[in-house]
Structures are given as structure tokens and as C-alpha cells.
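Reading through the C-alpha cells given below for one structure.
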Amino acid sequence: MNKIVLIPDSFKGTMSSERIIAIEKKVISRYYPDAEVVGIPVADGGEGSVDAFLSSCGGERISVDVHGPYMEKTESFFGLLPDGTAVVEMAAAAGLPMVGDCKDPSATTTYGVGELLLAAAKRGARRIILGLGGSCTNDAGTGAAVACGVEFLDGDGNPFVPVGATLDKIADIDTTGLDESLKAIPIITMCDIDNPFYGPSGAAAVYGPQKGADKDMVEMLDGKMEFLASLIERKLSIDVQKIPGSGAAGGMGGGMVAFFSSSLKMGIDTVLDVTEFRKRAAGADFIFTGEGKIDTQSLRGKVVIGVAREAKSLDVPVVAFVGDIGNDIQKAYDEGVAAIFSTNRVAVPFKEAKLRAAEDLELTVDNFLRFMKRIGK
């Protein structure tokens, strides 16, 4: 065996993509010490995305002072890759951990996220990738838009910075002031969910509670999101409610499309593009991928399936090492997955399995490679 590519998703709440790669590299070295091993950490858009891209592609982490969720000054960052791509994490300026016990999605802002986007553009980025994930906000990205020059006007014609509770105070939207440096470059927003802007499966209803919203606040926020969607359609001729993923990150998915002309793209598709996966995977004997659990949701195009689809055209077999295997995943094989192995070797509940996840992954990969070595591969 001459070359193996490692491109796993993280096992949420258990192991990062980088740690999984390190474990797999260690096992491979036992059986194939001379093999070329290519590790590509997967970034899902949330916390750690910048570091994952930098680890895979190189580049630099750039510090920036921005405003936090309550407009407090805070130190943040973005990544600048060698090809001029800037990677921004929403969570680095509007992340849930930043508010601690003061969760209130009706009052928090994405203003700092806009400052990061603007800083990346001013630094000379050729394109920007924004990762949505782990937000504490429900302002539909209006705060970020204001930071970048978009104006939201109240009934008296005065500009203001909307938050979740004041979205219905917006009477007009003026996007002509969007900073020229942002108009000149493409912005890709990583979004792996398909929640609509508002409604029972919308931004507030699904994600509001984890951000601190009680039942009454969820209802209030959802109504204001519906108001904003109607206003965006009237003023900007964009029906955000019909855009899959517009409800991501408190509606920032829709806001990025409406206010920044951004495109929403699956995270794994973005990773494969930016890391030049096809070029790096060409000629490999195997590709190892995986995720915490493979199930019917995975079949919609998350990491394992996204990797398998690309690998299929390269005629490289894909082996998925996963924490758990759900029902009805046979279609994964049609997409290009050659084999799926669960790392839950003793079939214990998740709370027990996660404590031994690293050891079990190592043993599972060891078992597979032991077999391959035995048959002379």
C-alpha cells in the first residue's frame, strides 16, 4: 500500500477531525511505514474551522479586534490561506460560549462577524468562506450587514443596528452602501442544514431554545423573522423562506444571501474544493473517512457521502470508520462507500462509548489494516 488519504469528520463531543487523523496515522505506520499518508481535517463551519483549514492548507491566523455578541470589545481572528482564501468562523465573534450564562438571542448581535468579513476583505482576500455554527444570535445577520455598510432604517428613516427583538422595527433596507471590497469578491457560506427562515422548523423554533429562548421568546422571535422575510422579499426581491438553510445560525444563512449576495454551500463540498481534494487523492489506494454516526441524514451529502461521491469518480475505494451505524444506510454504498465499520466494539451506550472512543478507533483501524496486510494488499 503506497498512499492513504484521511479525511474524517469529527465525532461530535468525542474527537476532533485532527485527533482522528493522528490516531489513524499512528496505526498506518505500524503496517505500512513507507506509505504516503495525506491528512485533510474537516471543518464543519463551527468552532475550530479556521484551524482545520490552516492545518490542511497552510496559511496564517490573523488577529482582529471586533465587537462581541453584546457589542463588547473582544479579540477575534480569521484565517488567510496561501491561495488568498479567507476563512471566517461566525463563532469567533458571535459564538454561544462567548455569552456564558447571559444567553439572550433577542439581544445579541452578529456585528462582530461583519467586522471579520470586512477585515478579511481589506486584507486582500480573493474570496471569503464563512462558517455558520455555534451562534448565540437570532438577528438574521443584520448586525453583520450593518458593520459592512448596509443600512436598516426605522419608521423615521433613521439607521440602526437591529437585533432579534427589533427586526420588526425595520422599515427599509439599503444595501447600496455595502463596502466595495466585499462587493468585489465571492463569499461562500458553509451551511449543512436546510431549516427555513421561520416557522416550526425555522431558526427560532429549532435553535432558539439552546441559545436561551423560552417558549414565549421563540414565538416572538419567529414572528419577527417572518416580518423580516416579507420585508426582504418586498425590498430586495429575494424570498429567503424558500432558500434551504436560510434559518441557519439564527437566520444568518438567509441574511448572507440577501445582504451579501453570498452562496450557501455544503461544508464538505467547500472543504473538498479548497483543499484540492481530487488532486491530493489521485492515485490513493484507500480513502479513510468517517463521522460520529452514519444514518439517513448522512445520505443528504454530509462528509462521508460527499467524500465518497468525489472518490467514486477517481476510482479510489472509501472506507468509513464511524461511531455508530443507523438503519437504512445501504444507499451509501451506491454513492461510493466501499465499507463501513463501527468503532463501538463492545456495543455500549454513547455516554460510555465516548470515554473509550480513541482506543476503539485505533483498534478498529488496526483490525482492518491487519487484515489488508494479511491478504497482501
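Positions are given from 1, in the same order as the sequence printed here.
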### Message
Between the side chains of Lys242 and Glu233, is the shortest nitrogen-to-carboxylate-oxygen separation below 4.0 Å, so that they form an ion pair?
### Response
no

### Same apolar cluster: Ile287 and Leu369, side chain cutoff 4.5 Å
no

### Pair Lys12 + Asp9, salt bridge at N-O below 4.0 Å
yes

### Query
Mind checking whether Asp273 and Asp269 have side chains closer than 4.5 Å, heavy atoms only?
no

### Query
So, does Lys211 use its side chain to make a donor-acceptor pair with the main chain of Asn138 at under 3.5 Å?
no

### Query
For the side chain of Asn195 and the backbone of Ala203, is there at least one donor-acceptor N/O pair under 3.5 Å apart?
no

### Task
Specify the closest pair of heavy atoms between Ala140 and Leu228, including all atoms of both residues, with the distance to one decimal.
CB-CD2, 3.6 Å

### Message
Tell me if the CG atom of Asp214 is crowded by more than 12 foreign heavy atoms within 6.0 Å.
### Response
yes

### Message
Can you confirm whether Tyr70 sits close enough to Val99 that some side-chain heavy atom of one is under 4.5 Å from a side-chain heavy atom of the other?
### Response
yes

### Side-chain (Ser181) to main-chain (Ala121) donor-acceptor, under 3.5 angstrom
no

### Task
From the options Ile129, Asp192, Ile188, select the one residue that forms a side chain to side chain contact (heavy atoms under 4.5 Å, CB included) with Lys265.
Ile188

### Query
Does the side chain of Val304 come within less than 4.5 Å of Lys302's, by heavy atoms?
no

### Message
Apply the hydrophobic cluster definition, ILVMFWY joined by side-chain contacts under 4.5 Å directly or through others, and give me every member besides Met217.
### Response
Met220, Leu221

### Task
With sequence neighbours excluded, tell me which residues meet salt bridge (charged side-chain N to carboxylate O under 4.0 Å, His left out) with Glu115.
none

## Note on the structure
For Ser17, the side chain to side chain donor-acceptor pair (under 3.5 Å) test, sequence neighbours excluded, returns none

### Task
Given salt bridge (charged side-chain N to carboxylate O under 4.0 Å, His left out), test Asp179 with Lys122 step by step and report yes or no.
CA-CA 10 Å; Asp179 193 274; Lys122 296 292 188 184; 3.3 Å; yes

### Query
Who passes side chain to side chain donor-acceptor pair (under 3.5 Å) against Ser313, sequence neighbours left out?
Arg278

### Message
Using modelled atom types and a 3.5 Å cut-off, is there a donor and acceptor pairing between side-chain atoms of Gln241 and backbone atoms of Asp239?
### Response
no

### Any side-chain heavy-atom pair of Ile40 and Leu6 under 4.5 Å
no

### Query
Is there a side-chain contact (heavy atoms from CB on, under 4.5 Å) between Arg280 and Thr275 once you walk through the steps?
CA-CA 8 Å; Arg280 297 171 75 177; Thr275 61; 3.9 Å; yes

### Message
Using the rule given for side-chain contact (heavy atoms from CB on, under 4.5 Å), can you reason through Thr74 versus Val66, listing the C-alpha separation, both sets of side-chain angles and the distance that settles it, and then say yes or no?
### Response
CA-CA 6 Å; Thr74 187; Val66 301; 3.8 Å; yes

### Sub-4.5 Å side-chain heavy-atom contact between Ile340 and Ile294
yes

### Query
At their closest point, which heavy atom of Ala86 faces which heavy atom of Ala125, and how far apart are they?
CB-CB, 3.7 Å

## Note on the structure
Sequence neighbours excluded, the answer for ring-ring contact (aromatic ring centres under 6.0 Å, His included) partners of Tyr111 is His67

### Query
In terms of ring plane angle, is the pair Phe368 and Phe321 parallel, tilted or perpendicular, where the classes change at 30° and 60°?
perpendicular

## Note on the structure
On a heavy-atom basis, the closest approach of Asp295 and Ile329 is CA-CG2, 3.5 Å

### Message
Checking Phe53 against Val271 for the side-chain contact (heavy atoms from CB on, under 4.5 Å) test, could you report, in this order, the C-alpha distance in whole Å, the side-chain angles of both residues, the deciding distance, and whether it holds?
### Response
CA-CA 8 Å; Phe53 274 111; Val271 170; 4.0 Å; yes

### Task
Under the side-chain contact (heavy atoms from CB on, under 4.5 Å) rule, what do Val365 and Ile23 come out as? Steps first, then yes or no, please.
CA-CA 9 Å; Val365 176; Ile23 291 169; 6.0 Å; no

### Message
Can you give me the closest heavy-atom contact between Pro105 and Gly208, atom names plus distance?
### Response
CG-O, 4.3 Å

### Task
Answer yes or no: is there a side-chain heavy-atom contact under 4.5 Å between Met15 and Leu361?
yes

### Summary
Closest non-hydrogen atoms of Gly39 and Ser56, given as atom of the first, atom of the second and distance, are O-OG, 4.5 Å

### Task
Taking Thr289 for its side chain and Ala320 for its backbone only, find out whether a donor-acceptor pair lies under 3.5 Å.
no

### Message
Taking side-chain hydrogen bond (donor to acceptor under 3.5 Å, both in side chains) as the cut-off, I'd like each qualifying pair that reaches into residues 359-368, sequence neighbours left out, listed once.
### Response
Lys26-Glu362, Arg30-Glu362, Arg30-Asp366, Tyr31-Asp366, Arg356-Asp360, Asp366-Arg370

### Query
Taking side chain as C-beta onward, heavy atoms only, is Val146 less than 4.5 Å from Glu151?
no

### Task
For Thr142, enumerate each residue passing the side chain to side chain donor-acceptor pair (under 3.5 Å) test, keeping only those at least two apart in sequence or located in another chain.
none

### Query
Is there a donor-acceptor pair under 3.5 Å between the side chain of Ser262 and the backbone N or O of Ile187?
yes

### Query
Which pairs count as side-chain hydrogen bond (donor to acceptor under 3.5 Å, both in side chains) when at least one residue sits in residues 158-172, sequence neighbours excluded?
Asp168-Lys224

### Task
With sequence neighbours excluded, tell me which residues meet side chain to side chain donor-acceptor pair (under 3.5 Å) with Glu180.
Lys183

### Task
Assess whether atom NZ of Lys373 is packed by more than 12 heavy atoms of other residues, nucleotides or ligands within 6.0 Å.
yes

### Query
Where do Ser10 and Ser16 land on the side chain to side chain donor-acceptor pair (under 3.5 Å) test, with the steps shown first?
CA-CA 4 Å; Ser10 61; Ser16 67; over 6 Å; no

### Shared hydrophobic cluster, Phe341 / Ile305 (ILVMFWY, side-chain heavy atoms < 4.5 Å)
no

## Note on the structure
Here the side-chain hydrogen bond (donor to acceptor under 3.5 Å, both in side chains) pairs for residues 85-110, sequence neighbours left out, are Asp83-Thr85, Thr85-Arg127, Asp104-Ser106, Thr110-Asp139

### Query
Are Met372 and Val337 connected in a single hydrophobic cluster, I mean Ile/Leu/Val/Met/Phe/Trp/Tyr linked by side-chain heavy atoms less than 4.5 Å apart?
no

### Query
Would one find more than 12 heavy atoms of other residues, nucleotides or ligands at under 6.0 Å from atom CD of Glu219?
no

### Task
Taking the side chain as every heavy atom from C-beta outward, state whether Phe77 and Leu116 have any atom pair closer than 4.5 Å.
no

### Query
Is the NZ or CZ atom of Lys354 positioned over Phe11's six-membered ring, under 6.0 angstrom from the centre and within 45° of the axis?
no

### Message
Tell me whether Val87 shares a hydrophobic cluster with Val64, the cluster being built from Ile, Leu, Val, Met, Phe, Trp, Tyr side chains joined at under 4.5 Å.
### Response
no

### Message
Taking ring-ring contact (aromatic ring centres under 6.0 Å, His included) as the definition, give me every residue that meets it alongside Tyr198, ordered by chain and number, with sequence neighbours left out.
### Response
none

Between side-chain atoms of residues 246-259 and protein atoms elsewhere (two or more places apart, or another chain), which donor-acceptor pairs fall under 3.5 Å?
| residue | atom | partner | partner atom | Å |
| --- | --- | --- | --- | --- |
| Ser246 | OG | Phe197 | N | 3.0 |
| Ser246 | OG | Val240 | O | 2.8 |
| Ser246 | OG | Ile243 | O | 3.1 |

### Message
Between Asn344 (side chain only) and Val348 (backbone N and O only), is there a donor and an acceptor less than 3.5 Å apart?
### Response
yes

## Note on the structure
Note: Ala94 and Val113 closest approach over all heavy atoms is CB-CG2, 3.9 Å

### Task
State, without any angle test, whether Glu18 and Ser55 hold a side-chain donor-acceptor pair at a distance under 3.5 Å.
no

